[in-house]
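Values below: all heavy atoms of this structure, side chains included; hydrogens, waters and symmetry mates excluded. Just so it is clear, the structure is predicted and the values come from calculations on it, not from any experiment. Within every chain, numbering begins at 1; the chains are lettered A, B, ... in the order of the sequence lines, protein sequences first and strands thereafter.
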Amino acid sequence: MHKHTIALVGAALLAGLPACVNLDEDVVTGLTPGSYGTQPVFESLVNASYEPLRSFYAQERGFTVTEFGTDIFTKGADGSYKYINDYTTQLNPTAQFVQDTWVDFYRAINTTNAAIDQAPVVVMDSALKARRVAEARFLRALYYFDLVQMYGPVTLALHETKSPTTEATRAPVDSVYDAIVADLQYAESTLPAVQKDYGRATKGAAQHLLAKVYLTRIRDADSTADELAKRQAGDFANAADYAQRVINSGQYALLPRFKDVFDFANERNQEVIWSIQFTTDPLTTGPGNSGHLYFLAQYDVWPGMTRDVANGRPFKRFRPTWYLLGLFDRTKDSRYDAQFTRVWYANNAANIPKNAQGVPKFGLGDTAVYVSTTDADTVLARTKPYTVFTPRAYLGQASPYQDNMFPSLNKFHDPFRSSINETRGSRDFFVARLADTYLIAAEALMRDGRPAEGLPYINAVRRRAAIPGHETEMELTVDQLTLDAILDERARELAGEITRWFDLVRTHSLLSRVRLYNPDAKNNIKPFHVLRPIPQIQIDRTSIPYPQNPGY
Amino acid sequence: MVASGGSLYRQVPVGHVEAGLRSGRLDAPFPEEMNRVVVDRLATHWFAPTPRALENLRHEGADASRVTVTGNTAIDPYQTEGSLTRTMYSFLDQPAVGFRPGTLPNPDLRWEKTTQMDAGLEFTMANNRVSGSIDYYRADTRDLIMERQLPPTSGYSNILENVGATRNTGVEVALATLLVQDWHGMRWNVEVNAAANRNRIVRLSSGLLSDPGNKWFVGYPISVAYDYQFGGIWQIQDSISGEAQRYGRRPGQIRVVDQNGDGKIDQNDRIILGTTFPKWTTSMTSRLDCKGLDLSVMAVARLGFLVQDSLRNGGQSTLAGRYNNIYVNYWTPTNPSNTEPRPNAAQENPDYGGIRGYGEGSFIKVRTITVGYTITGGRLRWMRARSLRIYASALDPFMFTQFRGLDPESALNSGVPSYRTLMMGVTLGI
């Protein structure tokens with residue numbers, strides 16, 4: 001009797017439990033780093049070099065370290081990373097995003113190095129091989145570019161790690177930039193204008209990035225000396241040259257209307273030079289584009305509203321500053337209305353307020369929440385049945401509106417997610433788009449002492465942004481073309497596109513602009529904040545001294 | 001696992017290789033954890049890969065003299081060759097599968113070797129009413145195999161390596177006494193076991209004396225807490241005296257001990273706060289029989305070890321007002337608490353909030369108390385039974401500790417406290 005019981009239980013257990021069930025790890029046994037060299041493995045290394053883009057771009061990590069703590073966005077409500085906006089002591093060598101960016105990008109760099117090192121022994125069509133190497137070098141340059149901008153002097157590894165090492169040193173910023181430029185020049189000369197697989201790096205992407213690298217390259221900590229050194233080194237001329245190659249390539253065009261650039265139905269439009277790919281397929285989209293979460297105000301807690309897929313999941317992290325909202329001349333510039341959502345329509349009959357007779361004060365589809373642009377509308381709050389939010393400048397508030405309700409940047413809005421709380425959006429994330437290239441050209445030419453040549457490029461972007469009929473009014477004159485004007489224009493055009501903190505650092509204007517425009521950061525920010533701290537785990541695990549950035 | 005069940009039934013001794021490995025969660029990794037827990041219960045001899053596994057077994061009541069620490073067996077075939085990890089991207093909305101270097105090859109990996117010296121003394125006296133043993137052991141492990149953390153700039157996070165040499169020394173004392181043999185039908189047995197184990201790193205193969213990245217320090221145990229030391233809360237008078245400002249702090253924030261007194265808190269102010277290995281573990285079993293009545297009590301103790309209280313070091317004590325928080329005596333200008341910082345809605349976690357959780361974890365637990373009464377003989381003839389036992393038993397009924405969290409024992413693992421269980425039962429012998 002007992003024997004039978006044991007046998008039966010045993011059989012049941014054996015049937016129910018095949019080997020180890022561990023779904024996290026995806027290790028291919030037998031395929032080891034030492035044994036590859038075939039075309040499929042080489043190509044999969046190149047494919048793998050793209051994946052870490054998704055750990056930073058279109059994620060909270062990338063948005064937080066480039067939009068928080070700038071002149072255009074400050075903290076909203078909730079979230080674990082307010083210290084990155086506030087520059088408090090929690091922005092330290094153990095800060096999560098500071099560490100994760102470092103870890104993921106160096107892993108990515110090792111992957112690109114593995115592909116590049118392998119290439120000579122791989123037997124395949126030589127043109128295709130060169131193209132794949134160029135993609136890997138483009139990606140390696142991009143990872144290093146982000147690293148050097150965030151951390152300053154960083155370890156420069158251009159070959160795959162073959163054996164365990166605990167030694168690492170920090171290479172001077174100049175050598176890192178030299179390596180980036182060499183990679184991008186190779187990529188620029190090798191990559192095709194169009195790739196059959198949309199999403200792979202192209203010649204235009206390399207040219208755009210190279211222009212930005214030349215414009216960004218810091219040659220001196222002092223802004224005046226830096227300007228001079230960059231001009232003498234030809235950085236501005238080079239930046240202008242590569243930006244103009246993109247613009248004149250005939251491959252790309254500014255769309256006629258600004259609002260169409262972020263049209264979800266047309267995300268592979270002519271203005272997009274290179275984008276990080278996301279799909280609606282959960283198997284291939286990775287973490288998805290989660291940008292739809294962070295800029296959205298808490299629309300769903302007011303009368304007549306409930307959270308739904310169409311309106312989005314509001315994380316209310318990034319609140320526009322007075323400065324950003326004040327940048328737009330709304331009588332001429334279409335970009336304010338195009339990129340900020342300010343009205344939400346009733347979608348919940350159950351909580352629409354009723355009058356004394358029990359009749360709902362408004363119906364489904366009527367305005368339920370209205371974020372007004374002007375304090376003149378404060379009176380509306382009393383006369384209209386819907387909820388009205390005004391900027392409340394008259395209160396002397398440090399930031400407009402309130403921490404959970406504000407005009408919401410909608411560039412990443414995603415109504416096609418599978419459920420209300422799904423974080424994985426499917427929009428591609430534009431890393432290089434032509435309006436940015438135009439602004440790079442304008443800035444490079446101006447800083448190279450050729451403002452008249454630069455002017456048409458910024459005016460092209462401004463004319464395109466005009467409310468129809470106001471194109472001429474939008475144009476700047478040569479006298480108006482200053483670095484501040486360009487930074488203002490970049491804020492209007494590129495808000496939220498993971499570039500602002502970098503723009504401020506490279507123009508030596510992070511401190512001045514944050515002190516002027518970011519009320520939560522202005523009292524904490526110090527000169528050393530132009531670099532992020534080196535992650536403590538890097539310092540701890542390196543057996544020789546690995547210097548921390550000053551101030552941390 | 002099934003085989004061990006069968007063996008138990010046939011009373012064949014079962015030896016378990018890789019005994020004592022615990023994740024603390026029965027369902028992860030699945031089914032290994034469950035198999036190991038079950039088989040360890042059924043086994044009579046245990047081959048534990050690490051001193052920690054030995055500790056786990058001892059803790060679960062295994063007879064330590066039947067546990068052998070074998071060294072690491074968990075080296076999979078081909079593991080030294082490195083591997084690739086699958087990645088996923090997409091081009092043109094089509095899957096773009098990739099492979100990236102996943103783990104670094106280490107062809108130099110050698111067997112871990114342990115030499116062990118034991119000395120023991122067994123004794124009986126007073127007509128066998130007192131018996132016991134004293135064992136001393138010293139185990140020297142060379143080429144200890146562990147995951148070594150690598151600088152992220154290498155592109156890898158860790159590698160399995162022969163990281164150095166450790167020494168385990170320990171004493172185990174066992175004493176069994178028959179305190180009362182037969183006094184008005186009463187019999188009372190008491191058994192006491194005590195063990196002390198000291199684990200320390202003798203040498204690191206990197207040649208370093210301290211390796212903060214792995215938290216390995218020569219002369220210290222292999223598992224230590226290396227962190228900042230909690231020094232109370234900055235008070236208003238510290239601000240008046242200017243001391244708080246010197247550290248860039250405000251009243252109400254957590255004060256970190258400035259170990260080197262250089263006027264700033266940085267990586268050099270981290271110290272070894274302690275180890276999670278207990279200095280002593282002991283257990284005591286007492287059994288009293290008297291005219292069919294039996295009472296047995298088993299108690300265990302772990303003394304002298306450090307735990308991280310998962311309630312206090314983070315998520316349950318954020319003092320940010322966004323999530324539920326455990327009730328703590330937080331600082332306000334009028335309540336100068338020195339244990340918990342001020343609430344602050346502008347941050348999700350207090351600065352250095354994690355170091356609040358470290359604390360002494362010593363505890364004594366009464367593991368079981370069982371009371372039973374057994375009837376035998378003629379009175380049971382009507383129901384054709386030979387014996388009838390009625391019993392009540394309590395599992396984990398009492399704990400004595402100064403630990404502030406839920407359970408210092410489980411704080412080592414998942415933080416979920418052990419259950420207090422009351423059972424009553426009837427056993428009929430036929």
Side-chain angles (χ1 to χ4, degrees), chain A residues 2-3 6 10 13-14 17 20-22 26-34 41 44-45 47-48 50-51 78-80 82-83 86 89-90 93 102-103 106-107 109-111 114 155 157 160-161 164-166 168 197-200 277 279 283-286 535-543, chain B residues 1-3 5-6 9 29-32 34-35 76 78 81-106 148-157 159 161 206-208 211-215 248-249 266-267 322 346-349 351:
Chain A
H2 279 290
K3 217 181 274 180
I6 287 170
L13 284 170
L14 280 176
L17 311 172
C20 165
V21 187
N22 188 342
D26 225 335
V27 174
V28 180
T29 47
L31 250 185
T32 63
V41 178
S44 20
L45 279 167
N47 285 355
Y50 283 88
E51 193 202 39
D78 304 342
S80 301
K82 289 174 182 162
Y83 55 84
D86 295 357
T89 48
Q90 286 189 312
W102 182 272
V103 170
Y106 272 106
R107 184 177 292 139
I109 286 166
N110 192 49
T111 307
T155 299
E160 185 190 358
T161 302
T165 174
T166 57
D197 295 337
Y198 187 89
R200 290 190 185 274
Q277 300 297 295
T279 70
L283 291 178
T284 62
T285 199
Q536 190 63 42
I537 58 167
Q538 175 67 30
I539 294 170
D540 282 350
R541 294 177 187 181
T542 309
S543 54
Chain B
M1 188 175 100
V2 178
Y9 181 69
F30 187 81
E32 284 88 344
M34 185 204 73
N35 283 341
D76 293 334
Y78 308 116
E81 290 189 14
S83 67
L84 295 174
T85 300
R86 189 168 179 268
T87 64
M88 182 58 87
Y89 196 71
S90 62
F91 299 121
L92 257 185
D93 289 339
Q94 297 304 307
V97 177
F99 288 98
R100 65 168 172 83
T103 58
L104 197 55
N106 184 2
R148 175 185 177 76
Q149 307 295 311
L150 292 175
T153 45
S154 67
Y156 296 92
S157 51
I159 183 170
E161 263 192 350
S206 58
L208 299 170
D211 182 348
N214 287 289
K215 300 186 180 174
R249 296 282 133 186
D266 61 15
Q267 52 177 338
R322 186 173 174 210
Q347 61 189 24
E348 294 285 298
N349 275 295
D351 275 17

TODO: Could you tell me which portion of B/D351 (side chain, backbone, both or neither) has an atom closer than 4.5 angstrom to a non-hydrogen atom of chain A?
DONE: both

- [ ] Return the option, out of A/D86, A/V103, A/N110, with the maximum number of heavy-atom pairs under 4.5 Å with chain B.
- [x] A/N110

Open item on the list: So, using side chain to side chain contact (heavy atoms under 4.5 Å, CB included) as the criterion, who are the partners of B/N214 when residues are at least two apart?
Closed with: B/R148, B/Q149, B/D211, B/W216

Open item on the list: Give me the atom names and distance for the closest heavy-atom approach of B/E161 to A/P164.
Closed with: OE2-CG, 3.4 Å

- [ ] Please look at A/Q536 and chain B and tell me whether the side chain, the backbone, both or neither of the residue comes under 4.5 angstrom of a heavy atom of that chain.
- [x] side chain

Open item on the list: Checking the side chain of A/Y83 only, and the main-chain atoms of B/Q347 only, is there a donor and an acceptor separated by less than 3.5 Å?
Closed with: no

Open item on the list: Working to the nearest 0.5 angstrom, can you tell me the gap between A/T279 OG1 and B/Y89 OH?
Closed with: 10.5 Å

Task: Heavy-atom pairs under 4.5 Å with chain A, option from B/L92, B/T153, B/T87 with the top count - done: B/T153

Task: B/S206 side chain reached by A/T166 side chain, heavy atoms, under 4.5 Å - done: no

Task: Proximity breakdown for B/R322 and chain A, heavy-atom pairs closer than 4.5 Å - done: side chain

Open item on the list: Let me confirm one number: the CZ-CD distance from B/R86 to A/E51, rounded to the nearest 0.5 Å.
Closed with: 10.0 Å

Open item on the list: Can you give me the closest heavy-atom contact between B/M88 and A/L283, atom names plus distance?
Closed with: CG-O, 3.2 Å

Open item on the list: Given 3.5 Å as the limit, does a donor-acceptor pair link the side chain of A/T161 with the main chain of B/S154, or not?
Closed with: yes

TODO: List the atom of B/E348, the atom of A/S80, and the distance in Å for their closest heavy-atom pair.
DONE: CG-CA, 3.2 Å

TODO: Go through B/P152, B/G155, B/G213 and name the one with the most non-hydrogen pairs under 4.5 angstrom from chain A.
DONE: B/P152

TODO: Measure from the side-chain N and O atoms of A/N47 to the backbone N and O of B/V97, and report whether any donor-acceptor pair falls under 3.5 Å.
DONE: yes

Open item on the list: Side chains of A/E160 and B/P101, heavy atoms from C-beta outward: is any pair under 4.5 Å?
Closed with: yes

Task: Under 4.5 Å from any heavy atom of chain B - which part of A/I539 - done: side chain

Open item on the list: Please identify, among A/T542, A/I537, A/T111, A/I109, the residue contributing the most non-hydrogen atom pairs under 4.5 Å to chain B.
Closed with: A/T111

Task: Check: A/Q90 side chain, B/N349 main-chain N or O, donor-acceptor pair, under 3.5 Å - done: yes

- [ ] Over all heavy atoms of both residues, which pair between B/L208 and A/S543 is shortest? Give the atoms and the distance, please.
- [x] CD1-CB, 4.1 Å

Task: For A/T89 against B/R249, the heavy-atom pair lying closest together - done: OG1-NH2, 2.9 Å

